[in-house]
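One-based numbering, in listed order, for ligands and for the atoms of each.
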Amino acid sequence: MRNPLDVLHETFGYSSFRGRQQDVIDRIMAGVHTLAVMPTGAGKSLCYQVPAMARPGTGLVISPLIALMHDQVRSASAAGIKAAALTSANDDREETVRRFLAGDLDLLYVAPERASGEGFRRMVDRVQLSLIAIDEAHCVSEWGHDFRPDYRLLRALVEDHPEIPRLALTATADRHTRDDVLAQLGIPADGLILAGFDRPNIRYSITPRDGLPTQLAQIIRDTPGPGIVYAPTRDATEKLAAALATSTGRPTRAYHAGLDAAVRARNQEAFVTSEDMVMVATVAFGMGIDKPDVRFVAHAGLPKSIEGYYQETGRAGRDGDPSVAHLFWGADDFARATRRIADDIGEDRQRSERQRLASLGALVEAAGCRRAILLRHFGEDPPAACGNCDNCLNPPSSIDATEAARKLLSAAFRTEMRYGITHLTDVLAGRDTEKIRTLGHDKLSVFGIATPDDLALIKPVARALLARDALRSDDYGGLSFGPGARALLKGEETLAIVKPAVRATRRRGSAVADEHPHDPLFETLRACRRTLAKELGVPPYVIFHDATLREMAAIRPTSLAALGRISGVGARKLEDYGRAFLDALNG
Ligand code: ADP
Ligand code: ZN
C-alpha cells in the first residue's frame, strides 16, 4: 500500500487534504465501511480516488448518471489515473472488461443497474477490488429526493465482498436519508462522517426584484466566468436568455425539459466547455453536471425550499474560488406559492409546506447574516456573522413599519378583502379614482389615512406581509388575511422591514472581480489552456483550474521542477502540459 499523502502530491499535485477528506481516507485505507456526507465542492471524488490509487486492486465506483461518469473518467485520466466507465454509451466495453479482468484499472465506473446484475457480479469475483464507492448514495433511500430502485439491489454486490471497504458518498444530509443509507448498505452507525455544510467561498445576496433583466445583466457584467440563471418556467428561460444575450453580449443559452433532447445535450456540452457562458435554465439543469468553475448562480424567483436553494446555489464555486449566489424575489412569488399550497397540496401536507415557505420568507426578509440562517436550518451552530453575504458586508438598517402594515391590513379588511395592492394604495392615499367613487370607498374610515411616509412603505410592507403569511393573494391579486394578520392588527406583533431605499441604491462590488484584479499573464495562461483544451477536446478545467493558473502567474516558475510544485500540477499533468505552460509563462 502507498501513503495516501504521496498519492495526493504526485497524482493531484495538491499539498494537503481539505476538510474531512483525511478522516474518510484514513478509514478506507484501514478497510472500514464509511458513509461520507459532504457538501458539494468539498472534494468527495478524491475520497475514493486517492485510496483506490493507494490500495492494491481496482476501485469500483457506482454512479447514477452516464454524463457524470464520463466527466469523472475524463478528469481522472488527465491526472494519470487509469479509469474507465462501463455503460451502454461506451463502445469500448470489451476493451474495458479486458483491462478490468487483467487488473489494469485503478477505477471502474459503472451504473447501478449493471453493477447489481448477476453477470457483472460474477465478473467482479475474479478481480481484486481496492474499494467499492457508491456515489450519490442518497439514491438508495426512499426518503431521498432521487430514489432509484436499482440502488437497493447493490446490497448483494457489496455483500459478495464483505472485506472490501465500502464508501457511500452524498451531499444530502437529512437524518432519515442518512440512517437509511447506512442500513441499506450495511455500514455501521459509527461509520458516518458528517462534514460541515458551509460553502465559505460562495457570497449570498438576496434582493427584491426591481427590473429583473437589468438586475441580472448587472450581475453578469460584474461577474466574469460561467454562470447559471434559474428561471421559474420554460417560457421565462427562453425570453430571459434572449434578453440577456442582447444586453450583455455574453454567450447565452436556454435549457429546459421542453427542448429537444439533442438541443439540450448540445447546450449542456457548450456550457460545460465554456469559460464565460450564461445558462438560463429551469432547476432541472445542473443535476448531472460536474463543472467546477461556475462563478455565479442567480435565481430569478423564489426557490421551492431552503434545501433546494442550497443545492442549486451549491453548483457555484466547486473549485473553491470566490463565487456569488443572487436571489431575486417578489411578493407575487409568495402569493403564488401560498395559492399552490391551498389548491394543489393535500390536507396532510399543507402544514409542512407552509412551514417550508415560512422558512424561505424568514430568509429573504432577514436583516442579519444569510449564511447563519442557512446553516442553522441544517442544524449547525454557525457564528452570528459570516462576513461574506450581503447583510454582513452592508448591514441594512431596518425601520419599524408596523403603522403602515396596520393601515394596509385595515384597508384590506374594510374593502372586504378582495382588492389588490393598487386599489388599496389608492384608498389609503385618498385618491379620487372612478373605481373608488363607484364602490363608495371614499366613504370608508381608511380613506386617505396614510401619510406620505406610510405610502412610501406600502410595497415593501405588502411584500413582507405576504412573505410571512399575514396577507394572502387570490388568483387576481386580491389580498385577504392570512394567519399572521390578527396579531399585527391587535398590536401584539410589530413589523420591521429592511429599509428599501438603502437596498435599492447601494452598489455592491462583485466578489469575483474584487478578489482577482485583471492580470495579463493570467489571461495568457488561460489562452494557452484554451488552445490545449480545444486540441484535446476537453473542457478547460480538466487541464488546470483557475486557481492553479493564478498561482503560476504569481510565482512565474522558470523550470519544470518549479512548475511541478504549484498546487494542482500532478506528475502526469506536468509531463503532458508543463512545456506548453512554461513557454506561455516565459515566452
Ligand atoms: P464534490 O464531488 O464533493 O462536489 P469534487 O470531488 O468535484 O467535489 O471536488 C471539487 C474540486 O475540488 C475538484 O475540482 C477537486 O480537484 C478539488 N479538490 C478536491 N480535493 C482537494 C484538495 N485536497 N486540495 C485542493 N483541491 C481539491
Ligand atoms: Zn453573513
- Closest by any non-hydrogen atom to atom 18 (N) of ligand 1: pick that one out of R315, R18, M38. R18
- Query: Should D293 and R295 count as an ion pair when the cut-off is N to O under 4.0 Å?
  - Reply: no
- Message: I need the contact type for S16 against ligand 1. Using non-hydrogen atoms and a strict under-4.0 Å cut-off, is it side chain, backbone, both or neither?
- Response: backbone
- Message: Only heavy atoms of T40, strictly under 4.0 Å: list the atoms of ligand 1 that pass.
- Response: 4 (O)
- Do the rings of W329 and F334 sit parallel, tilted or perpendicular, given the 30° and 60° boundaries? perpendicular
- Heavy-atom donor-acceptor pair, D135 side chain to V61 backbone, under 3.5 Å: no
- Message: Has R20 got a side-chain atom pairing as donor or acceptor with L194's backbone, closer than 3.5 angstrom?
- Response: yes
- Query: Based purely on interatomic distance, does G43 place a nitrogen or oxygen under 3.5 Å from a nitrogen or oxygen of ligand 1?
  - Reply: yes
- Does some side-chain heavy atom of R550 sit less than 4.5 Å from a side-chain heavy atom of D519? no
- Item | With D198, the salt bridge (Lys or Arg N to Asp or Glu O under 4.0 Å) member among R376, R370, R371 | R371
- Between S45 and ligand 1, is there a nitrogen or oxygen pair with a distance under 3.5 Å? yes
- Query: Between the side chains of D180 and T177, is a donor N or O closer than 3.5 angstrom to an acceptor N or O?
  - Reply: no
- Message: Suppose we measure from atom 20 (N) of ligand 1 to each protein heavy atom; which comes out shortest, and what is that distance?
- Response: Q21 NE2, 2.9 Å
- Query: When the ring planes of Y48 and Y109 are compared, do they come out parallel, tilted or perpendicular, using 30° and 60° as the limits?
  - Reply: perpendicular
- Message: In terms of relative ring orientation, are F581 and F544 parallel, tilted or perpendicular, with 30° and 60° separating the classes?
- Response: perpendicular
- Do any nitrogen or oxygen atoms of L46 come within less than 3.5 Å of a nitrogen or oxygen of ligand 1? no
- Message: We want to know whether R318 and Y541 form a side-chain donor-acceptor pair, criterion being a heavy-atom distance below 3.5 angstrom.
- Response: no
- the protein heavy atom lying closest to atom 10 (C) of ligand 1 turns out to be R318 O, 3.4 Å
- Item | Protein heavy-atom partner closest to atom 13 (C) of ligand 1 - residue, atom, separation in Å | H545 CE1, 3.9 Å
- Indicate, as side chain, backbone, both or neither, the part of P39 found under 4.0 angstrom from ligand 1 when only non-hydrogen atoms are considered. backbone
- Options Y14, Y48, F12, ranked by nearest heavy atom to atom 15 (C) of ligand 1, top entry: Y14
- Taking atom types as modelled and ignoring hydrogens, do the side chains of D276 and S274 form a donor-acceptor contact shorter than 3.5 angstrom? yes
- Query: Is it the side chain, the backbone, both or neither of F17 that has a heavy atom closer than 4.0 Å to ligand 1?
  - Reply: backbone
- Message: Students often mix this up, so state it plainly: with edges at 30° and 60°, are the rings of F271 and F285 parallel, tilted or perpendicular?
- Response: perpendicular
- Give me the protein N, O or S atoms that fall under 2.8 Å of the Zn ion (ligand 2), sorted by chain and residue number. C369 SG, C386 SG, C389 SG, C392 SG
- List the closest protein heavy-atom neighbour of atom 4 (O) of ligand 1: residue, atom name, distance to the nearest 0.1 Å. G41 N, 2.6 Å
